[in-house]
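First comes the structure, then the notes that go with it.
Reminder, nothing fancy here: chain letters follow the sequence lines and each chain counts from 1. Owing to the predicted nature of the structure, the values given are computational and were not obtained by experimental measurement. The figures that follow rest on heavy atoms only: side chains count, while hydrogens, waters and symmetry mates do not.
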Amino acid sequence: MKPEYNPTEIEQNIQREWIENNTFKATPDDREKFYCLSMFPYPSGKLHMGHVRNYTIGDVISRYKRMNNFNVFQPMGWDAFGLPAENAAIANKVSPKDWTNQNIEHMKQQLISLGLGYDWSKELRTCEPEYYKWEQLIFKKFYDKGLVYKKKSMVNWDPVDETVLANEQVIDGKGWRSGAQVEIKEIDQWFIKITDYADELLTSLDEVDWPENVKTMQRNWIGKSHGAEIKYEIEDSDECLTAFSTRPDTIFGVSFLAISPNHAISLDLADKNELIKDFLDKCKEVKAAEADMAKAEKLGIDTGLFVLHPITKKKIPVWIGNFVLLDYGTGVVMGVPGHDERDFEFATKYNLEINQVIISDEQDELPVIQTGKLINSAKYNGKSSEDASIEIIEDLEKLNLGERLVQFRLRDWGVSRQRYWGCPIPVVYENGEPRILDEKDLPVKLPDLKENSPPIPLSQNQDFYNLSNELKRETDTFDTFMDSSWYYARFTSADNNDDMFDKNSKYWLPVDLYIGGIEHAILHLLYSRFFHKALRDMDLVEGNEPFKKLLTQGMVLKDGAKMSKSKGNTVDPQSYIEKYGADTVRLYMMFTAPPEQSLEWSESSVEGASRFMKKIWSLVNERKFEQIDEPLSLSEEEKGLRRKAHSTLKKVTSDFETRYSFNTAIAAIMELVNFIPESFKQDNASASNKFCLNEAIVIILKTLNPISPHISQHLWKGFYFDFLEEDIESSWPILREDLLEVSEFNLIVQVNGKVRGKVMVDKNLEQKDLESIALSIENVASTISNTPIKKTIYIKEKIINFVI
RNA sequence: GGGGAUGUGGUGGAACUGGUAGACACGCUUGGCUUAGAACCAAGUGCCGAAAGGCGUGGGGGUUCGACUCCCUCCAUCCCUACCA
């Protein structure tokens, strides 16, 4: 009796060999390099399905590239700082450090048991001083370059817990732990001038091979807009309010100005006016997240102030609007209710004037958002929006009341966090004045917590911050996006404690393929791109972009929703690895959906993947490759199998190479396995039968190897290696184009675009011959009957369509 | 509110450049094997219809000889929205 397929045993043996032989350790050599990076995980405790999917995709591509003679570097590490460690520490009385390190140990074993081919010699953890000392040094270099500054900025403040809350810790405006009404508070924080690179972040998107939707999201996020800053003189004052607008052509339609509740004037007025003070207090109740602010009801209050229209000198009321952001533009918005949705809503609510100054062909009901021709605009009447914008800006420039301006939506990056479990910001305060520490004073180590102490913010840790009466340490830590913005580069030199980036980095960078969740399409990728450019300008790395190609995978869903603990719909990969083996889990993940799409978890489909593994097992196990010369003549059945085998190879290769469409590649391999005639598998099959079978098996095992490497390699050893000592990963099979040719094709016959018949015909026939064959099909003839044919359309080797 | 996606049988999905809709798999049905079950093997399986045939890719409209694919419009779901990672 044949031995049964026992994935656990096979997989553990092969994984041991990989470790013993250092199979995946990568060093620079003469071959073309391929740096394949999957987004490193936050060590939350155990792998979830999203990780399994992400890392399997990376591993499949890495193994495919390795078989095609690329020098592949595939490292793995840990995004180890972050909020969950602090929450766990409070809940379970474990230190964030111990909790994190235990999680890492467990998850690393899980990654190994999935058969992922990582070069563990370059493993890194962002929570270790060996990593973050370089991050602190980069921050210093940024500072020296003038890319760092401090300014006041808004945070969610829990007045009971006296702590800053993340957006996700604010639930319905209340602190998640205390339940207290959260306030928006302004505190002093460190910022990095990512906006200095706004233009380049936009233009160099053209250089990368990224999905168009991700590029679009980044472009929209950066949000370059052309417009003008327009000054409005405040009545009975020497001061002005300056508003940015992308539509200077609508300037005659301005009926109010709205200023931010955080604007200096608002704060000033609040001191004198109870109503305004109450209004500002009300504004503070809205969560700091953009989505919440945008969805909040538009509210305003009249300041009683007036400004003068720069051209007509008409008096215009100034309002405070809760929808005006201080951080964007000037914190002042010119309200043109006739031509802006939001202004229209606001003006209707507060009975402000609504004037039409643009007419459009597309729409006549206000508000008219489109550009068009100007009306009610004095000497600009009749001009197009485009021409009028230019002229109005020019005229305002002459009056010193405005200027052309390019504005970005992108804001500078606030990197301060008031937490314990993060990288300390390497700054000391001498008599209150900040000073960045020199390289020799780095790293500033995160202090350990006292036994059984909950993670207190550094500001409450006297030993840490109180260096002397005059000298205090900065107690903010970095945003964890800082940690993940440059790890891709550090991987190349992670085992080198003397250099941030050693000569290996020149060889491996940039990352050739970066794989990760679509949820990172904006922030993480934008920050990393910024880091790379800034590091480039300090001569630390080369090239303009960190990630040449990007593959964004979709979510893993269950019952149509993202798997999450709170919904209670998580599926633990571990039990599936144990029950079915890593090969089955990997196959399932790759087969069930294409990488970019979301994947709906289905229990029973895993069974199907397992069944296919067993099918391969029973096809190949205990079979031996036999040396047989290529037969000179073959039967139709044999020719068919060879054609199928090579067309499968062609399809799998192109699916791997150009589309990362693993589900269709696997379907093709399944088709090939199903296609093999039963008789070819018999012991007494003819030599030419066996030749064709051998060829098919070689193609099946090799094309399957990137996806399910354990079973492929195990079977390969018994089947082929014993015979030729050739490793399965040493080469990708060679395609025989000559075997793919066919002399016939299936002609589809349509009448008025509806299929009425199909017929196998010789490839060499002329169109007129095909027409007569097509017309002789009974169903076609009866449909046409005596109706005259108006037109005949023939698409080569596909379709003939009679139009009647 | 803004930005980006997605929508095809009972289910996951395929159709790559406007040219056979439903590959491959799951599930289900019937049969075989079995004391029984599991596993495995064989056949069938979009919907309506006895059949001929008709209908069918979220809804509605359009372009075309021909539309899952292109255009307009509406609906639903998911992701991101700068302190979750």
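- Not one N or O on the side chain of A/Lys287 forms a donor-acceptor pair closer than 3.5 Å with the backbone of A/Val182.
- Out of B/A5, B/G12, B/G3, the shortest distance to the side chain of A/Phe591 is found at B/G12.
- For B/C83, the base has a donor-acceptor partner in the side chain of A/Gln189 [N/O atoms by modelled type, under 3.5 angstrom].
- Residues A/Glu671 and A/Lys651 are not paired through a salt bridge, judged by the lack of any N-O separation under 4.0 Å between the basic side chain and the carboxylate.
- In this structure, A/Leu525 places its CG atom 14 Å from C1' of B/G4, rounding to the nearest Å.
- Side chain of A/Glu519, nearest nucleotide from B/C84, B/U20, B/C79: B/C79.
- By the 4.0 Å N-to-carboxylate-O rule, A/Arg417 lies close enough to A/Asp479 to be salt-bridged with it.
- If you check distances only, the side chain of A/Glu607 never reaches the base of B/C26 with a donor-acceptor pair under 3.5 Å.
- A salt bridge links A/Arg219 with A/Glu212: at least one charged nitrogen is closer than 4.0 Å to a carboxylate oxygen.
- If you check B/C65, B/A14, B/C84 against the side chain of A/Ile793, the one that comes closest is B/C65.
- Counting only heavy atoms from C-beta on, A/Lys758 has its side chain closest to B/U20 among B/U20, B/G12, B/G4.
- Listed pair A/Arg219 / B/G3 fails the phosphate criterion, with no side-chain N or O lying under 4.0 Å from OP1 or OP2.
- Distance from the side chain of A/Lys791 is smallest to B/C65 among B/C65, B/C16, B/C26.
- Computed from coordinates, the A/Asn752 CG to B/A67 C1' distance equals 16 Å when rounded to whole Å.
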